[in-house]
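As structure tokens, the structure follows; a few thoughts come after it.
When a ligand or atom number is given, it counts from 1 through the structure's own listing order. Worth saying up front: this structure is predicted, and the values here are computed from it rather than measured.
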Amino acid sequence: MTPSDDTHADPAAAHARGSSGVETGLASGAEADARLMAEAIAVGAGHLGLTASNPSVGCLIVRDDGAGPRIIAAAVTAPGGRPHAETQALAQAGEAARGATAYVTLEPCSHHGHTAPCAEALIRAGIARVVISVVDPDTRVSGRGIAMLREAGISVETGVLEARGERALEAYLTRKRLGRPHVTLKLALSRDGMIGSRALAVGQGQVAITGPESWDHVQHLRVRSDAILVGIGTVVADDPELTVRLPGLEDRSPVRIVLDGNLRLSPDSKLARTAARVPVIAVAGVLSPDDGDVDPHGRQARADALSALGVEVLEWDPRRLDLLLPALASRGLSSLLVEGGARTATSFLDAGMVDRLLLFTGSPTIGAQGIASPVRSGLVPAPFMHTSGEAFGPDHLDIYERTP
Ligand SMILES: NC(=O)C1=CN([C@@H]2O[C@H](COP(=O)(O)OP(=O)(O)OC[C@H]3O[C@@H](n4cnc5c(N)ncnc54)[C@H](OP(=O)(O)O)[C@@H]3O)[C@@H](O)[C@H]2O)C=CC1
Ligand SMILES: Nc1c(N[C@@H]2O[C@H](COP(=O)(O)O)[C@@H](O)[C@H]2O)[nH]c(=O)[nH]c1=O
Ligand SMILES: [Zn+2]
């Protein structure tokens, strides 16, 4: 078996197989279960950022006819969230599913939602054993899928490679458990801890801090996110596009969100001009009668112009992250990538709304005109814990995770 960890490739194509399936070279048992679940997790990761409110689940159908386990089908939740992984894998396997084992990263669903329950489909297909990584916290499922399978006489094992499974499904699990998206804050820091420069005139573009290798990695982070968020200060200063521009993955751009309490977003900005292609939400707050410094007519005209371009102007207080994030979650957004700037990063950190912190440190120094980052590598306070570090060309990425 060559387990696939390429989350960017088409997961089904990664499993090109003949009618006899993919030999794994393993003997059945706990080690094979773990290896096959690792493969199911890799397959499931293939549609992160594409399945909206649904988790991107991986499912393998595996047969052992005496010569060791063979993968006869592999599927991931379809873009948009349906069909679910199991029904697609069962369709691929056909009659060969009878007596086989299903490896599923999330407990098979038991509810009649938009589709019939996957647990029922597994039973009907004659699956003999189901191996599950994570139990589904969805209140419509939550143990019922497992119970249905067991009642039908299927042998069920749960918690296989659970930590890795939880990590792969972290966005979905955070939304279900905490009622808000999983938040990754990513910042690019100069060697002296700055994220930008005040010396640049508006529209002069951003300071180059990190190189192409980091850029490539951030593009992949965007691919796997449901939404990307910045403050209006960044939009005014840099006029970013915030899309995915990797060849072949251009259609994987996440929803773009701007915190913009005074609706300063210009209809001429790259965000507004591309809104018809990739959604943009401007979180614009509600004008109160004493907002003396804002011309309500100007604001309304801007709102109209932006709406005509396809920007959604959301009258929600961008300062109340404690309310905004649950509102985004209720739209089905499970993973949020916050890309700055300094004030926005500070707000998310102060509100305790950052689950993972990615600090890219580049080689340039910016000096006294710099805009200081609210956090610096090596100086990140609790509750964050440094979990890994990696080089990207001349840059260094440090990853910190929130500890419970
Ligand atoms: N190196 C890096 O990783 C990055 C660097 N940058 C740099 O950062 C600089 C911009 O940073 P900064 O000026 O701090 O601007 P931000 O992008 O953080 O935007 C801040 C503005 O957003 C609005 N806002 C609305 N709600 C919130 C909220 N909850 N929290 C914070 N702000 C909110 C406010 O404007 P209002 O009152 O009008 O609503 C506020 O002034 C630029 O120089 C840019 O190049 C930017 C991104 C990444
Ligand atoms: N994506 C996925 C599952 N997702 C489950 O289904 C719920 C959404 O149901 P519905 O809105 O009807 O599609 C979601 O909250 C989660 O419980 N289940 C599975 O068996 N396999 C899958 O591949
Ligand atoms: Zn299902």
Any idea which of [options] brings a heavy atom closest to [atom]?
{"atom": "atom 36 (P) of ligand 1", "options": "Arg198, Met194, Arg264, Lys186", "answer": "Arg264"}
{"atom": "atom 12 (P) of ligand 1", "options": "Arg343, Arg319, Arg320", "answer": "Arg343"}
{"atom": "atom 42 (C) of ligand 1", "options": "Ala284, Ala237, Gly196, Pro374", "answer": "Ala237"}
{"atom": "atom 5 (C) of ligand 2", "options": "Asn54, Asp138, Leu122", "answer": "Asn54"}

Which atoms from ligand 2 have a heavy atom of [X] less than 4.0 Å away?
{"X": "Pro108", "answer": "20 (O)"}
{"X": "Glu86", "answer": "19 (C), 20 (O), 21 (N), 22 (C), 23 (O)"}
{"X": "Cys118", "answer": "20 (O)"}
{"X": "Ala85", "answer": "22 (C), 23 (O)"}
{"X": "Gly113", "answer": "12 (O)"}
{"X": "Tyr172", "answer": "14 (C), 15 (O), 16 (C), 17 (O)"}

May I have the step-by-step check of side-chain contact (heavy atoms from CB on, under 4.5 Å) for Leu149 and Ile123, ending in yes or no? CA-CA 7 Å; Leu149 295 168; Ile123 295 165; 4.0 Å; yes
With only distance considered, is [X] within less than 3.5 Å of ligand 2 through an N or O on each side?
{"X": "Pro55", "value": "yes"}
{"X": "Val57", "value": "no"}
{"X": "Cys109", "value": "yes"}

Could you tell me, atom by atom, which parts of ligand 1 come under 4.0 Å of a heavy atom of [X]?
{"X": "Gly261", "result": "39 (O)"}
{"X": "Ala342", "result": "11 (O), 12 (P), 14 (O), 18 (O)"}
{"X": "Ser347", "result": "28 (C), 29 (N), 30 (N), 31 (C)"}
{"X": "Pro318", "result": "25 (C), 26 (N), 28 (C), 29 (N)"}
{"X": "Ile209", "result": "1 (N)"}
{"X": "Ile232", "result": "19 (O), 21 (C), 22 (O), 23 (C), 35 (O), 38 (O)"}
{"X": "Ile195", "result": "1 (N), 2 (C), 4 (C), 5 (C), 6 (N), 7 (C), 8 (O)"}
{"X": "Asp238", "result": "44 (C), 45 (O)"}

Pairing of [X] and [Y] as salt bridge, 4.0 angstrom limit:
{"X": "Arg129", "Y": "Asp33", "result": "yes"}
{"X": "Glu151", "Y": "Arg144", "result": "no"}
{"X": "Asp138", "Y": "Arg140", "result": "yes"}
{"X": "Arg35", "Y": "Glu39", "result": "no"}
{"X": "Glu241", "Y": "Arg277", "result": "yes"}
{"X": "Arg180", "Y": "Asp322", "result": "no"}

Could you tell me whether some N/O pair between [X] and ligand 1 is separated by less than 3.5 angstrom?
{"X": "Asp260", "result": "no"}
{"X": "Gly233", "result": "yes"}
{"X": "Gly341", "result": "yes"}
{"X": "Ile371", "result": "no"}

Any idea which heavy atoms bring [X] and [Y] closest together, and the distance?
{"X": "Pro374", "Y": "Ala342", "result": "CG-O, 4.1 Å"}
{"X": "Thr403", "Y": "Met385", "result": "CG2-CB, 3.7 Å"}
{"X": "Gly389", "Y": "Asp398", "result": "CA-OD1, 4.1 Å"}
{"X": "Ser334", "Y": "Arg175", "result": "OG-NE, 2.8 Å"}
{"X": "Glu107", "Y": "Ile146", "result": "OE2-N, 3.1 Å"}
{"X": "Leu187", "Y": "Ala345", "result": "CD1-CB, 4.1 Å"}

Is any side-chain heavy atom of Leu359 closer than 4.5 Å to one of Ser377? yes
Check contact between Arg140 and ligand 2, using heavy atoms of the residue and a distance below 4.0 angstrom. yes
Below 30° counts as parallel, above 60° as perpendicular, anything between as tilted: where do the rings of Tyr400 and His386 land? perpendicular
Show the numbers, then the answer: is there a side-chain contact (heavy atoms from CB on, under 4.5 Å) between Arg376 and Met194? CA-CA 9 Å; Arg376 288 179 71 161; Met194 306 297 171; over 6 Å; no
Backbone of Val76 reached by a side-chain donor or acceptor of Gln88 within 3.5 Å: yes
How does Thr346 reach ligand 1, by side chain, by backbone, by both or by neither, if only non-hydrogen atoms under 4.0 Å count? neither
List the closest protein heavy-atom neighbour of [atom]: residue, atom name, distance to the nearest 0.1 Å.
{"atom": "atom 18 (N) of ligand 2", "answer": "His84 ND1, 3.4 Å"}
{"atom": "atom 17 (O) of ligand 2", "answer": "Asp136 OD2, 2.4 Å"}
{"atom": "atom 9 (O) of ligand 2", "answer": "His111 NE2, 3.0 Å"}
{"atom": "atom 12 (O) of ligand 2", "answer": "His114 N, 2.8 Å"}

With respect to the Zn ion (ligand 3), what is the nearest N, O or S atom of His84? ND1
Have Arg256 and Thr274 got a donor and an acceptor in their side chains that come within less than 3.5 Å? yes
Only one of Leu337, Val244, Asp226 forms a side-chain contact (heavy atoms from CB on, under 4.5 Å) with Pro254, so which one is it? Val244
Given that the side chain starts at C-beta and the backbone is N, CA, C, O, which of these parts of Arg82 lies under 4.0 Å from ligand 2, counting heavy atoms, or is it both or neither? side chain
Consider ligand 1: state whether an atom of it lies below 4.0 angstrom from any non-hydrogen atom of Val230. no
